[in-house]
S.K.: 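The structure follows.
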Number of protein chains: 2
Amino acid sequence: MARSTTAADGNGRADGRVRLIDLARLAGVTPSVVSAVLGGRAGDGPGTGSGTVRVGAATAARIHALAARRGYRPDAAAQALKGCPSTVIGVLIGAESTLANYERLAAVERLADERGHRLMIGQLHDDPARTADYLRDFRARGIAALLCFHNPAPRCDAVLRNLFREFLPADAPLGHAHGLVFQTHSPIRGAHVVDVDRAEGVRQAVAHLLAQGRRRLALVLNAPPAADPLMADRWQGFIAGLAEAGRKPNPRRVWHGDGTFPPVPEQAAAAVRAVVDAGGADAIIASNDIWAMALLRILRRRGRAVPDNVAVIGMDNLYAAALFDPALTTIGQNNAAFARAVLDLLVPPAGGAPIPPGQHITVPPELVLRETG
Amino acid sequence: MARSTTAADGNGRADGRVRLIDLARLAGVTPSVVSAVLGGRAGDGPGTGSGTVRVGAATAARIHALAARRGYRPDAAAQALKGCPSTVIGVLIGAESTLANYERLAAVERLADERGHRLMIGQLHDDPARTADYLRDFRARGIAALLCFHNPAPRCDAVLRNLFREFLPADAPLGHAHGLVFQTHSPIRGAHVVDVDRAEGVRQAVAHLLAQGRRRLALVLNAPPAADPLMADRWQGFIAGLAEAGRKPNPRRVWHGDGTFPPVPEQAAAAVRAVVDAGGADAIIASNDIWAMALLRILRRRGRAVPDNVAVIGMDNLYAAALFDPALTTIGQNNAAFARAVLDLLVPPAGGAPIPPGQHITVPPELVLRETG
DNA sequence: CTGAAAGCGCTTACAG
DNA sequence: CTGAAAGCGCTTACAG
């Protein structure tokens, strides 16, 4: 099949696709003019600034109308090849992660679309070689920015770190990459981190429980605070919340697992025996919603009424949290605020101040009150 | 910042990116040879087929080693501009849809990656103008294929249908688009549909419940079968399953809502009153997991033991189904099989027979037995 | 102020 | 059998 690129084909290609040159022919101007008008680089009258091209208002209007009527969009590949900044954000999601990241992905997509960007996704499997493949592929595709919903630090070798660095603006080829955002932790210097303020979330939960008259608060952690910074955050928030009321944590009501996730029933049972049976807790703050659900299951089997007997508060506000019976009170991850922070870093509004590397943004959590506490 | 494209820059650009021409210089061959070798179009010896280029085995090995060592990937924009087939699949997801589609998305991504493809995502909002924007954007980006996790039919105007048609292989510009797959229903002729066999899923659920000794089976539908083809499927499966045991549905144990979703507690309560209190049901097949959870909530409040008193089976196998207490028995959507069917249509293995337009593939469901039935 | 021309990085038909 | 050259659709520095 031969392409018809003869002069007879004056108003479009055989396959119906409209190119800039077709628009130019139809409007009776040169491609340069169409490019300038549609790219917003055309002005009219003497007040026109530098860098713009003088095009009559009538001509500009005609070109805009033509482009709209034909549904013209400049070919992304041609623009990319010419060096125009990409409008695709790569998003890497830990494959083993819960659906919380997909809920967050949806929030990011919504906002990215508003700012004219698309998301290209990939799943990571804790395998540095496969992660490197994704990064090389994203680089070859000219990805504008990278968002990583996964902590590759534990298995991040030098090769991988170098590949991540290519998405830093400073090292990027001619502004090809706009930035790199990690969640909670970055394996390299210079990348941004957007994190939810877990400590503040737990602090709010503590304050809420105390205001309800609960006095024997328990904390159930997935791992020892010393072994996991994310657990340390929860622990700090727990201490801070109690301190505000002149209280201190009771060690009998602080339990931690060995890092196994999701918890097996035996672990949840052990936690309940420790903080409720032995510790006398009237409220439990769990590491996350999955843990909270596991605890609720045990509490029900042991005849402990929730929330009358024991309140339970989770973290993440999974979609499942609202469906659970009883519906879970939880520390929400505030996906909308997260998405805004990420996009303000990766797609800053034009004309804003440049963003220094290595920003660490903390997003406030939102306590979502339902039935369990 | 000026690009250094001088001859002195013999082994790469200043920014570290490696181009095909750099590889050619390093290997001491012309770009044509490198392109042929890396593209698998190079052969050696007299047995070389047509369309291939003769390149010595040693030279080919040297080029492969060089490319691997430098982490070379051809620039996707340049390949796209040259007319090479794209390896990006666009995925449109209904924004109002439950997370089931994101779980499915993950399954599709896993398989697409194995076949060298990336996913670019977008969310639809039941707004034809915004959907059209996504389609034009995907077209401009040279998307290889489109997968639509959303039924745009109710508000699909002529403009939108024409835009969808551009992703059909027949109308596509020179093989740019490989295909178009909808879920459950296509608004245009020629597109493929991949669907889960809901009727078969319900039939299996009925057989399972009968084998357990349940005899008073109920069906709770979100909408009248006549108003919603997806509900009609469930109804057909229900009849078929009962017929296999020489039984017929009892109208007192078939309830349907008015299409409102998700159900409000009053609707779930009405359904329980109808099929359990009045109908005497000892098992309920719900339209989906969300409905099943709503029913379980009501049953618990009314002191009906599940599954001893009444079994409940959902559909979708949401992530939340496994977390629920009691864990939900459900008709799973078999995301792995769904993903395989979609990719066999959109990225058929090389050398296979061409796929006729308008395929309708039905994926078998999988009954997931847990605690509720 | 307008228009022709170069060039982004590839692939491939074509000339030597 | 090998290598130079054209061209994909844009944008932009440059010449008229």
Side-chain angles (χ1 to χ4, degrees), chain A residues 2-5 12-13 15 17-25 27-46 48 50-56 59-60 67 72-86 139-142 173-176, chain B residues 2-5 12-13 15 17-25 27-46 48 50-56 59-60 67 72-86 139-142 173-176:
Chain A
R3 299 200 183 199
S4 53
T5 43
R13 290 179 12 168
D15 59 35
R17 270 176 70 208
V18 181
R19 296 160 302 178
L20 184 134
I21 196 176
D22 302 316
L23 248 43
R25 282 202 193 108
V29 297
T30 58
S32 323
V33 174
V34 177
S35 176
V37 167
L38 297 181
R41 273 167 280 102
D44 187 24
T48 301
S50 74
T52 64
V53 178
R54 281 183 57 106
V55 176
T59 306
Y72 171 76
R73 299 270 176 125
D75 183 280
Q79 289 186 311
L81 196 55
K82 202 67 187 52
C84 297
S86 164
R139 177 184 61 187
R141 294 182 193 276
L174 299 163
H176 228 82
Chain B
R3 299 203 184 198
S4 53
T5 44
R13 290 177 14 168
D15 59 34
R17 268 176 72 207
V18 181
R19 297 160 302 175
L20 185 134
I21 197 175
D22 302 315
L23 248 42
R25 280 201 195 109
V29 296
T30 58
S32 322
V33 173
V34 177
S35 176
V37 168
L38 297 180
R41 274 166 279 102
D44 187 24
T48 302
S50 74
T52 65
V53 178
R54 279 182 59 105
V55 176
T59 307
Y72 171 76
R73 298 271 176 124
D75 183 279
Q79 289 187 311
L81 195 55
K82 202 66 188 53
C84 296
S86 164
R139 179 183 60 188
R141 293 183 193 275
L174 298 164
H176 228 81

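Residue numbers start from 1 in every chain, and the chains themselves are labelled A, B, ... in the order their sequence lines are given, proteins ahead of strands.
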S.K.: Can you name the closest pair of heavy atoms from A:A67 and A:L38 and give their distance?
M.R.: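 Taking every non-hydrogen atom into account, CB-CD2, 3.9 Å.
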S.K.: Kindly give the heavy-atom pair with the smallest separation between B:D75 and B:R17, and that separation in Å.
M.R.: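 Residues B:D75 and B:R17, closest heavy atoms: OD2-NH2, 3.0 Å.
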S.K.: Could you pull out the closest heavy-atom pair between A:R41 and A:S35, with the gap in Å?
M.R.: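 Answer, listing the atom of A:R41 first, then A:S35: NH2-O, 3.3 Å.
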S.K.: Rounding to an integer number of Å, can you tell me how far A:R41 CZ sits from D:dC10 C1'?
M.R.: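 After rounding, the gap between these two atoms is 10 Å.
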S.K.: Between atom CG in A:L81 and atom C1' in D:dT11, what is the gap in whole Å?
M.R.: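 To the nearest whole Å, that distance equals 11 Å.
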S.K.: How long is the line joining CG of A:L38 and C1' of D:dC10, in whole Å?
M.R.: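 Result: 12 Å.
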S.K.: With pairs taken as Watson-Crick or G-U wobble and both distances under 3.5 angstrom, which stems of at least three consecutive pairs involve DNA chain D?
M.R.: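 DNA chain D stems, ordered by first number: C:1-3 with D:14-16, C:5-12 with D:5-12, C:14-16 with D:1-3.
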S.K.: Which of these passes side chain to side chain contact (heavy atoms under 4.5 Å, CB included) with B:P74: B:Q79, B:K82, B:R19?
M.R.: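 For B:P74, the side chain to side chain contact (heavy atoms under 4.5 Å, CB included) check succeeds only for B:Q79.
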S.K.: To the nearest angstrom, how far is B:Q79 atom CD from C:dT12 atom C1'?
M.R.: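 Interatomic distance, CD of B:Q79 to C1' of C:dT12: 13 Å.
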S.K.: Quick test: give all pairs of protein nitrogen or oxygen and nucleotides 4-7 of chain D nitrogen or oxygen below 3.5 Å, distance rounded to 0.1 Å.
M.R.:
{"residue": "D:dA4", "atom": "N6", "partner": "B:S32", "partner atom": "OG", "Å": "2.6"}

S.K.: How long is the line joining CG of A:D75 and C1' of D:dT11, in whole Å?
M.R.: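 Result: 13 Å.
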S.K.: Rounding to an integer number of Å, can you tell me how far B:R141 CZ sits from D:dC10 P?
M.R.: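 Value for this atom pair: 14 Å.
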S.K.: Go through the steps to decide whether B:V37 and B:V29 satisfy the test side-chain contact (heavy atoms from CB on, under 4.5 Å), and finish with yes or no.
M.R.: CA-CA 11 Å; B:V37 168; B:V29 296; over 6 Å; no
S.K.: Does B:Y72 have a side-chain nitrogen or oxygen under 4.0 Å from the phosphate oxygens OP1 or OP2 of C:dG9?
M.R.: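 For B:Y72, the contact criterion (side-chain N or O under 4.0 Å from OP1 or OP2 of C:dG9) is not met.
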S.K.: Is B:R19 close enough to C:dC10 that one of its side-chain N or O atoms is under 4.0 Å from OP1 or OP2 there?
M.R.: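 No, because none of the side-chain N or O atoms of B:R19 sits under 4.0 Å from OP1 or OP2 of C:dC10.
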S.K.: Without decimals, in angstroms, what is the distance between A:R25 CZ and C:dG3 P?
M.R.: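 Rounded to whole Å, this separation is 15 Å.
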S.K.: Taking the C1' atom in each of D:dC10 and C:dA13, what is the distance between them to the nearest angstrom?
M.R.: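 Between the two C1' atoms, the distance is 23 Å.
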S.K.: Can you see which heavy atom on B:V18 is nearest to which on B:Y72, and at what distance?
M.R.: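 Taking B:V18 first and B:Y72 second, the nearest heavy atoms are O-CD1, 3.4 Å.
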S.K.: Check whether any side-chain nitrogen or oxygen of B:S35 sits under 4.0 Å from OP1 or OP2 of C:dC10, and answer yes or no.
M.R.: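 False: B:S35 side-chain N/O out of range (4.0 Å or more) of C:dC10 OP1/OP2.
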S.K.: So, for A:L81 and B:A78, which heavy atoms are closest and what is the spacing to 0.1 Å?
M.R.: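 For A:L81 and B:A78, the tightest heavy-atom pair comes out as CD1-CB, 3.7 Å.
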S.K.: Please tell me which of B:V33 and B:A78 maps to the more 5' nucleotide of DNA chain D, matching each residue to the nucleotide holding its nearest heavy atom.
M.R.: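 Its nearest nucleotide being more 5', the pick is B:V33.
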S.K.: Rounded to the nearest 0.5 Å, what separation is found between the CG atom of A:L20 and the CZ atom of A:R25?
M.R.: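 It comes to 11.0 Å.
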S.K.: Where is the tightest heavy-atom contact between B:I21 and B:P31, given as atom of each residue plus distance?
M.R.: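 What the structure gives for the nearest pair is CG1-CG, 4.4 Å.
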